[in-house]
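This report concerns only the one structure given below.
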Protein chains: 2
Amino acid sequence: MKRDSRLSSVLHGLLHMAANEGPTTSDALASCMGTNPVVVRRTMAGLREAGFVKAERGHSGGWSIACDLERVTLRDIHQALGEPAIFAIGNRNETPECLVEQSVNAVLDDAFEAAEALLMQRFGEVTLVALAGEFTRRLSRRRS
Amino acid sequence: MKRDSRLSSVLHGLLHMAANEGPTTSDALASCMGTNPVVVRRTMAGLREAGFVKAERGHSGGWSIACDLERVTLRDIHQALGEPAIFAIGNRNETPECLVEQSVNAVLDDAFEAAEALLMQRFGEVTLVALAGEFTRRLSRRRS
DNA sequence: ATAAATGTAATAACTGAAGTTACATGAAGC
DNA sequence: GCTTCATGTAACTTCAGTTATTACATTTAT
């Protein structure tokens, strides 16, 4: 499977948008993310619908932040993307008749649910401001 | 991406093998797992190399357990399968030049590593005997 | 010998993200 | 009004990785 990098992509885009004064075009985001402007629009669409960013059309248009960076967490962003599947591993059959397979599924699901809960908790603890702070920290470290 | 169900599949197969007296053929495993005998051989190959199962060729051959079910855990099985990727989500670029992207990656990687560590810990706590016990429990529950 | 089993290579099918092309729509500037 | 620059979106292709299938070699018991 090709790995889903939408979360990584939009976070990267958001930080660039936050750093820019006016709106940032899909083209600009695409070039700094090494992808295609159409992909940017498609991916950002979820965040737009969730109200985290806004897009202005026409001359001098583009994307800008439309939320409080202190309140929005990585978990919110993940949800806005439609909560894509986290695991590449899963059960072969979600509703098996075989009692053996049901047992295997139950044990695996327990473990996966615990791991997912932890991941979501972590995501919920990181605001976009904190993410930007991580960048600032790295920037000053490099400068010194 | 199609989800990787090899772990689920081999565990299902192992429990069936453990329940059978003699060796179990790939055909038998395949039909109870709803797949193809070639897929069974290919998937079981890792466990065979790890010494968890053995395969006998020729007449009245097939697969049988070759390990202590109390000592082998789901984690061992996952390793024997070649430690396939756990997450369907990942960074767009693993070694980015952009400091913004590096920051995003670092924060995401932290969270993913924590979730993976928890999952592996859970897997390490479940032996094949415990898995079989889960089946026995379900069986008696259904009978009552 | 024959039949029954695994071992494995080669190839196609399937799935979902990512990439691309094309065109409609809207807003600013002239 | 017209042009230009931007997003919105549909349709299609590409790509990667598991799964499925076909084919054939090899081993073992009868």
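Just so you know, these numbers come straight off a predicted model, no measurement behind them. Per chain, numbering begins at 1; letters A, B, ... match sequence-line order.
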For atom [atom1] of [X] and atom [atom2] of [N], their distance in whole Å:
X: K2(B); N: dA17(C); atom1: NZ; atom2: P; value: 14 Å
X: M33(A); N: dA18(C); atom1: CE; atom2: P; value: 10 Å
X: N36(A); N: dT13(D); atom1: CG; atom2: C1'; value: 13 Å
X: M44(A); N: dA6(D); atom1: CE; atom2: P; value: 17 Å
X: R92(B); N: dA16(D); atom1: CZ; atom2: P; value: 13 Å
X: L47(A); N: dG8(D); atom1: CG; atom2: P; value: 12 Å
X: E56(A); N: dA28(C); atom1: CD; atom2: P; value: 8 Å
X: R3(A); N: dG16(C); atom1: CZ; atom2: C1'; value: 15 Å

Discussion item. Both V38(A) and S5(A) contact DNA chain C. Which one's nearest nucleotide lies toward the 5' end?
Written reply: S5(A)

Worksheet item: In terms of the nearest nucleotide of DNA chain C, which residue is placed more toward the 5' end: G61(B) or A85(A)?
Response: G61(B)

Is any side-chain N or O of [X] closer than 4.0 Å to OP1 or OP2 of [N]?
X: R57(B); N: dT26(D); result: no
X: S26(A); N: dT7(D); result: yes
X: T35(B); N: dA20(D); result: yes
X: R6(A); N: dG16(C); result: no
X: R41(A); N: dG8(D); result: no
X: R48(B); N: dG7(C); result: yes

[X] side-chain proximity, nearest of [options]:
X: H59(A); options: dT4(D), dG7(C), dT21(D); value: dT4(D)
X: T25(B); options: dA5(C), dT21(D), dT7(D); value: dA5(C)
X: V39(B); options: dA13(C), dA18(C), dT21(D); value: dT21(D)
X: D4(B); options: dA17(C), dT19(D), dT6(C); value: dT19(D)
X: A55(A); options: dG8(D), dT6(C), dA6(D); value: dG8(D)

Discussion item. Parallel, tilted or perpendicular, judged at 30° and 60°: which one describes the rings of F112(B) and F123(A)?
Written reply: perpendicular

Practice prompt. Please evaluate the base of dA20(D) for a donor-acceptor partner in the side chain of R42(B) within a cut-off of under 3.5 Å?
Written response: yes

Worksheet item: For the atom pair OG1 (T136(A)) and CZ (R141(A)), what is the distance rounded to the nearest 0.5 Å?
Response: 11.5 Å

Worksheet item: Below 4.5 Å, heavy atoms only, C-beta onward: do P23(A) and M17(A) meet side chain to side chain?
Response: no

Discussion item. If you count heavy atoms of other groups shown closer than 6.0 angstrom to CD of E94(B), is the number above 12?
Written reply: yes

Worksheet item: Should L69(B) and W63(B) be regarded as members of a common hydrophobic cluster, given that ILVMFWY residues are connected when their side-chain heavy atoms come within less than 4.5 Å of each other, either directly or indirectly?
Response: yes

Discussion item. Give me the atom names and distance for the closest heavy-atom approach of C98(A) to H12(B).
Written reply: SG-NE2, 3.3 Å

